[in-house]
Number of protein chains: 2
Amino acid sequence: MATPTPDRALPLRERKKQRTFRALADVALARFTERGFDEVTLEEIVDEVEISKRTFFRYYSSKESVALAAEAELWLAYVAEFTATDLHGDVLTALRTALTTAITGMDEDWPRRFLATRRLVAGHNGLRKHSLVMAAHHQEQIVEQLEAKLGRDGREDVRLRLLGEIVFGAYRVGAKNWTAGRGKGAGSRGKGGRATLSARVGEAFDAVSDAVALAAD
Amino acid sequence: MATPTPDRALPLRERKKQRTFRALADVALARFTERGFDEVTLEEIVDEVEISKRTFFRYYSSKESVALAAEAELWLAYVAEFTATDLHGDVLTALRTALTTAITGMDEDWPRRFLATRRLVAGHNGLRKHSLVMAAHHQEQIVEQLEAKLGRDGREDVRLRLLGEIVFGAYRVGAKNWTAGRGKGAGSRGKGGRATLSARVGEAFDAVSDAVALAAD
DNA sequence: AAGAAAATGGCACCGAGTGGCAGTATGCCA
DNA sequence: TGGCATACTGCCACTCGGTGCCATTTTCTT
């Protein structure tokens with residue numbers, strides 16, 4: 001399951017690599033979900049995929065990063081989507097649309113893997129760390145794109161970086177609600193996962209200006 | 001240097017602990033700055049402070065966390081400050097004021113240590129990780145305070161968490177500019193460090209609504 | 001002065017991650 | 001089709017951060 005035949009057109013070596021790459025992520029996610037991130041050793045995963053530990057580190061840079069493969073895919077898609085967007089009108093809206101588009105465009109079984117990933121992240125400090133850093137990394141790429149598209153320098157115009165923070169902040173809020181809001185096992189079927197996540201993220205974006213304007217008393 | 005006599009009123013045991021705690025942070029920051037985070041081993045630090053490795057981990061939970069002691073102090077002060085604030089009127093402004101107040105209220109030599117810390121963070125992935133997680137942790141505490149003060153639940157009212165994201169986002173933007181914006185060696189003298197940082201963070205907050213409203217074309 | 005409580009030290013140990021090199025598979029070209 | 005160059009992989013030894021356990025020392029209390 002979840003190890004679709006890699007693109008037939010690619011050279012043999014490349015296909016093999018893709019399969020290993022994917023198999024590692026799948027096996028790791030399964031074991032981590034079953035028994036917890038800390039309780040599963042790298043050796044175990046590596047044995048199951050029949051690969052040496054040394055080779056593992058040529059595919060993934062750390063134990064954490066293999067656990068977060070699904071999230072990494074999303075960021076890759078988002079950066080690609082936004083890069084391909086041409087910007088006019090409201091910038092925050094454009095950033096938002098690219099994100100929801102990326103989400104709804106993910107694989108069939110991505111929501112299942114992503115949900116499992118988010119649950120791992122929610123319960124483990126080291127994974128949370130890695131997840132934040134990964135997001136921050138792609139946030140920088142988004143800001144670079146913004147600079148390019150707007151012809152402005154983020155070091156002078158604070159707003160670009162702020163937009164980055166806001167976009168990824170809204171994402172975190174939306175994703176958190178999505179992860180918390182569904183009973184066990186749901187999200188594995190259909191495209192409901194993607195649409196719902198997209199909706200949650202949308203709600204977060206909607207609330208941004210209200211949040212800024214929020215008053216006590 | 002930078003190891004002020006701990007409060008005389010405290011019991012001896014407590015004073016000793018504080019001194020060790022502080023000595024570890026100082027020595028660590030010095031060595032890391034001299035030779036880089038990865039090139040300094042824990043054993044080295046521990047030897048210099050004349051403490052066992054085992055004991056080190058009763059003071060700091062990781063090698064990273066001792067490097068980020070100065071940043072931790074800021075978050076502690078911020079949470080305390082905001083907790084003591086009573087909320088009325090614009091919430092974002094209150095959050096912002098508490099932060100700048102916390103900054104300007106830091107130790108005399110805090111800016112020096114904090115600047116050194118930020119430079120380490122800027123050049124090291126693992127440290128960036130830890131720094132982000134630490135911020136996220138205190139962000140949660142701030143949101144909890146918000147919930148308490150406003151009598152609302154962050155799971156229902158998305159705006160509370162969004163405010164958390166925005167505040168810490170603005171902080172990151174401001175702090176980044178502050179760190180980048182000063183020549184070598186500056187920031188060690190006077191209270192300039194604190195005032196300037198506070199100003200940079202302020203600028204970031206000022207730009208939030210402009211960022212949200214930013215339009216292309 | 002004595003004993004409880006807290007802090008420390010020392011050790012053995014685990015597992016993630018790396019460097020280096022030898023072996024093996026794959027792609028390419030004659 | 002054979003053979004060579006170039007990935008890619010496996011193995012091994014090693015470093016270092018981090019933890020569990022228990023004995024020892026230090027501080028607080030009365």
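Side chains included, hydrogens not; waters and symmetry mates left out as well; all remaining heavy atoms used. Computed from a predicted model, the values in this text were never measured in an experiment. We name chains A, B, ... by the order of the sequence lines, and we start the count at 1 in each one.
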Separation of A:N125 atom CG from D:dT19 atom P, in whole Å? 12 Å

Any carboxylate oxygen within less than 4.0 angstrom of a Lys/Arg side-chain nitrogen, looking at B:E44 and B:R31? no

Between the protein and nucleotides 12-16 of chain D, which nitrogen or oxygen pairs come in under 3.5 angstrom?
none

Separation of D:dT29 C1' from B:E14 CD (nearest whole Å): 16 Å

Identify whether any heavy atom of B:F56 sits under 4.0 Å from a base atom; if not, whether one sits that close to sugar-phosphate; answer base, sugar-phosphate or nothing. nothing

If you look at every strand shown and take non-hydrogen atoms under 4.0 Å, does A:S62 touch a base, only sugar-phosphate, or nothing? sugar-phosphate

Does a side-chain N or O from A:K16 land closer than 4.0 Å to OP1 or OP2 of D:dC8, or not? no

Rounded distance in Å - CZ (A:R15) to C1' (D:dC8): 17 Å

Quick one: A:R58 CZ to C:dC21 C1', roughly how many Å, whole number? 11 Å

Should the pair A:E64-A:K129 be classified as a salt bridge under the 4.0 Å nitrogen-to-oxygen rule? no

Return the set of residues passing side chain to side chain donor-acceptor pair (under 3.5 Å) with B:H138 (not counting sequence neighbours), or none when no residue passes. none

Test salt bridge (Lys or Arg N to Asp or Glu O under 4.0 Å) applied to A:R54 - qualifying residues, sequence neighbours left out: none

Length of the line joining A:D38:CG and D:dT19:P, which is rounded to integer Å: 10 Å

A:K63 NZ/CZ over A:F57 ring centroid, <6.0 Å and within 45° of normal: no

Looking at every strand, decide which applies to A:Y60 at a 4.0 Å heavy-atom threshold: base, sugar-phosphate, or nothing. nothing

Give a yes/no answer on whether the side chain of B:Y59 brings an N or O atom under 4.0 Å of OP1 or OP2 in C:dA7. no

Please confirm whether B:K176 makes a cation-pi placement over B:Y171, using NZ or CZ under 6.0 Å from the six-membered ring centre and within 45° of the ring normal. no

Indicate whether OP1 or OP2 belonging to D:dT9 is found under 4.0 Å from a side-chain N or O atom of A:T55. no

Atom CD of A:E44 to atom C1' of C:dA16: distance rounded to whole Å? 14 Å

Whole angstroms only, please: what is the CD-P distance between A:E39 and C:dC14? 16 Å

How long is the straight-line distance from CD1 of A:I51 back to CD1 of A:I45, given to the nearest 0.5 Å? 11.5 Å

Separation of C:dT26 atom P from A:K17 atom NZ, nearest Å, is 13 Å

